[in-house]
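Chain letters run A, B, ... following the sequence lines, proteins first, then strands; residues in each count from 1.
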Amino acid sequence: MTCNSAGRFCLSLIENDRVVSKNSKHFNQILSQSIASGLFQDPFVSSKLLLLSLSLSDSNANNLHFPHTLFSQIQNPNIFAWNFMFKAYSHSNTNSNSNTTASPQQCISLYNLMRRRFGLFPDRHSFPFLFKACARLSLSHKGQELHSLTFKLGLQHDVFVQNALLSMYSFCGLLHNARQVFDEIPLSVRDVVSWNSMVSGCIQGRCYWDALKVFDEMLKCDVNARPDGVTLINALTACARIGFLDMGRKIHGLLVRNEFVLDVILGSSLVDMYAKCGQMEHARKVFDTIPDKNVVCWTCLIAGYAHSHLFKESIELFREMQARRVTADAATIACVISSCGHSGALDQGRWVHTHCERSGIHFNLSVKNALIDMYSKCGDIQRALKIFHALNLTERDVFSWTAMITGLALNGLSDEALNLFSQMEMSGGIVRPNEVTFLGVLSACSHTGLVDKGFHYFNHMTQSYNLKPRIEHYGCMVDLLGRANLLAEAERFISAMPIQPDVVIWRSLLFASGSHGNIELAEFSAKRIEELEPKKCGARVLLSNVYASASRWSDVKNMRKSMALQRIQKLPGCSFIEIDGVVHEFFVADDSHCQMDPIYETIIQINKVIQAEGFDPKI
DNA sequence: TTAGGGTTAG
């Protein structure tokens with residue numbers, strides 16, 4: 001075959017991309033003929049062959065070895081060839097360190113090579129890939145260097161370049177720079193990608209209100225960018241994160257009016273928004289209309305029920321998901337296990353645990369943390385400890401430590417809880433305790449009456465970790481002082497609080513003063529509760545119990561009478577227990593259970609045993 | 001005569 005005929009042959013086949021790109025045999029034939037004929041050194045032919053080799057290697061995940069070798073054989077690659085390589089590497093896997101697999105780092109290395117050895121400049125097509133690589137590697141300095149270069153090359157007004165640039169900045173956590181780039185894009189030029197990138201950038205930077213402000217601006221501007229599915233998904237995500245129901249509803253209305261197709265992603269975002277805003281009926285309604293529901297969609301609703309403290313519904317929905325043969329993943333499992341923990345459904349939790357082990361679902365840290373929490377809450381502290389200790393020191397995050405410390409405190413193992421907290425602090429500062437960790441620590445102190453230690457940790461939290469105590473921390477301190485019969489100190493502590501005490505705090509003081517016979521303080525606390533919750537009867541019930549324990553029967557009678565006059569009815573207290581996967585509920589003076597007689601008989605026996613051991617319900 | 005951006009939900 002002569003050079004000309006070979007050239008014509010190659011070109012004709014190259015033109016027919018669809019045939020060649022699916023058949024590596026054809027490709028190899030063309031490649032060898034182009035090399036043999038010398039046609040490979042033609043810039044158009046070599047870059048076209050490179051593009052074809054890349055399309056063939058697409059199915060071969062993350063292995064760009066062959067295209068790279070081909071590229072290295074091109075003596076003077078043109079800008080097309082460079083850009084094809086930039087594109088391939090910028091999209092490749094970030095967590096590959098070996099030399100044989102591709103990584104975005106190689107995009108940057110190739111770029112440096114292009115500049116230094118070939119003296120070439122990138123063009124408008126190169127920049128989006130280069131910025132993408134910088135973003136994925138968090139190379140903000142390199143990104144800034146490239147940003148300057150866009151000015152030198154007069155490409156600073158190209159909307160593709162600007163959009164990629166602003167995404168790069170928000171990916172690197174430089175939201176301010178991203179916003180600046182966004183503001184510099186003229187309204188007439190901004191397209192839907194510019195707006196979406198800015199909204200998504202704000203979400204990445206956890207600035208949800210800003211994200212919604214940009215979205216709102218987009219709706220008002222309406223120049224040449226109408227919101228698309230991605231815009232609405234982003235906006236719904238922002239609403240979900242801050243629980244902004246009004247805006248979420250507005251977006252729902254917008255997508256209905258504009259006849260958006262409710263695909264599984266948009267549908268899940270909507271379910272998640274309603275669920276996070278506590279609107280479970282709406283969440284369920286939307287969920288039921290989504291075709292081809294996947295695991296994310298189911299998990300949104302399961303998590304929503306858990307978020308609204310509807311743990312039973314959350315577990316039931318998981319069962320329904322199982323029945324529909326949708327495979328759960330780690331996020332679903334972590335959520336269901338947490339619901340089991342909160343509802344005391346130990347058997348169900350155990351079943352989910354075993355089910356995961358059998359079905360090979362990956363036990364990530366969230367699942368392990370949820371298991372620690374569930375076993376602790378259900379009283380199987382040994383099992384919780386076993387899971388916790390199986391975690392390496394470097395594996396444990398703040399949730400693992402907090403779940404275990406709180407679990408130990410909850411099970412009355414205060415010394416162990418405080419020891420574990422010391423270990424956490426001594427673990428080299430890998431994990432810093434947060435506000436919730438300190439709640440566990442303070443409750444451990446409270447359960448064993450360690451007043452001095454409680455104050456030590458309360459100060460330690462603010463002074464060493466700069467954590468601002470929340471109302472719950474003040475509540476723990478009042479509880480601690482109250483239980484230790486330091487009622488005057490508790491009162492002084494409440495008056496000195498920088499935030500308004502809530503009903504929990506007053507209830508804690510009422511309970512403590514009642515237990516220690518300080519009726520005056522109990523009455524004072526009850527008044528504060530009534531001021532905060534005039535329609536509820538909790539304070540009066542507690543106070544009437546206090547009067548009863550002091551044998552002040554006329555006061556008890558008056559209290560009940562005033563409640564009856566104001567038609568206040570006490571909601572009966574309720575507790576529950578799970579046996580063989582069934583949750584049994586018990587109300588005060590409840591005799592509806594089919595095994596009531598043996599249950600009461602057992603309670604009487606238990607009381608006899610613990611009273612013989614010195615138990616006094618007043619203390 | 002080749003090519004470009006936002007991967008968005010738990």
Side-chain angles (χ1 to χ4, degrees), chain A residues 10-12 14-15 17 21 42-52 54-55 78-88 90-91 122-132 135-136 155 158-168 170-171 178 181-182 185 190-201 203-204 211 225 227-241 262-276 283 286-287 290 293-307 321 328-336 366:
Chain A
C10 288
L11 282 174
S12 67
I14 288 168
E15 288 311 310
D17 284 2
S21 64
D42 178 273
F44 173 72
V45 173
S46 57
S47 55
K48 192 79 190 183
L49 283 167
L50 178 66
L51 183 64
L52 290 172
L54 283 163
S55 72
N78 63 7
I79 194 68
F80 286 92
W82 286 105
N83 287 344
F84 296 148
M85 293 308 289
F86 292 157
K87 179 184 182 183
S90 69
H91 287 102
D123 71 357
R124 66 181 68 241
H125 295 271
S126 324
F127 279 103
F129 306 130
L130 297 173
F131 286 136
K132 174 112 189 160
R136 298 188 62 208
L155 297 172
D158 184 292
V159 74
F160 282 76
V161 174
Q162 284 170 305
N163 290 345
L165 180 60
L166 91 83
S167 293
M168 183 276 294
S170 42
F171 229 91
V181 175
F182 178 75
I185 310 174
R190 273 184 214 169
D191 60 11
V192 67
V193 178
S194 322
W195 288 98
N196 289 353
S197 305
M198 197 60 242
V199 175
S200 147
I203 293 172
Q204 277 166 39
D228 63 3
V230 177
T231 324
L232 300 188
I233 291 161
N234 277 327
L236 286 168
T237 304
C239 293
R241 303 268 167 98
L262 198 73
D263 64 12
V264 72
I265 301 182
L266 190 53
S268 303
S269 311
L270 205 50
V271 170
D272 189 47
M273 183 278 294
Y274 279 123
K276 291 263 165 62
V286 176
F287 175 84
I290 301 171
K293 292 183 259 290
N294 66 7
V295 60
V296 177
C297 198
W298 283 90
T299 309
C300 283
L301 199 64
I302 291 171
Y305 282 123
H307 185 250
M321 176 182 165
D329 66 9
T332 328
I333 296 300
C335 204
V336 177
S366 304

Side chain proximity check, A:Leu232 to A:Leu270, heavy atoms < 4.5 angstrom: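 Counting from C-beta outward, A:Leu232 and A:Leu270 never come under 4.5 Å.
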Report the distance from atom [atom1] of [X] to atom [atom2] of [N], rounded to the nearest whole Å.
X	N	atom1	atom2	answer
A:Leu266	B:dT8	CG	P	14 Å
A:Asn234	B:dG6	CG	P	13 Å
A:Tyr274	B:dG10	OH	P	17 Å
A:Phe84	B:dT2	CZ	P	9 Å
A:Asp158	B:dA3	CG	C1'	13 Å
A:Gln204	B:dA9	CD	P	9 Å
A:Leu270	B:dG10	CG	P	13 Å

Closest to side chain of A:Lys87, choosing from B:dT2, B:dA3, B:dT8: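 The nucleotide sitting nearest to the side chain is B:dA3.
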Closest nucleotide among B:dA3, B:dT1, B:dG6 to the A:Ile79 side chain: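 Looking only at side-chain atoms, A:Ile79 lies closest to B:dA3.
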Looking for any heavy atom pair under 4.0 Å, which part of the strands does A:Arg190 touch: base, sugar-phosphate only, or nothing?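 The residue A:Arg190 makes no contact with any strand.
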Within the structure shown, what part of the strands sits under 4.0 Å from A:Val271 by heavy-atom distance: base, sugar-phosphate, or nothing?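 Nothing, no heavy atom under 4.0 Å.
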Cation-pi check, A:Arg136 to A:Phe171: give yes when NZ or CZ is under 6.0 Å from the six-membered ring centre and within 45° of the ring axis, no otherwise.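 Not flagged: A:Arg136 not positioned over aromatic ring of A:Phe171.
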May I ask you to verify if any side-chain N or O of A:Lys132 is less than 4.0 angstrom from the OP1 or OP2 atom of B:dG6?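 Answer yes for this pair, as a side-chain N or O of A:Lys132 is under 4.0 Å from OP1 or OP2.
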Among side-chain atoms of A:Asp191 and A:Ser194, is any donor-acceptor pair under 3.5 angstrom?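 A donor-acceptor contact under 3.5 Å links the two side chains.
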Taking all non-hydrogen atoms of both residues into account, name the closest pair between A:Ser170 and A:Ala178 and its distance.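 Looking at all heavy atoms of both residues, the shortest contact is N-CB, 3.9 Å.
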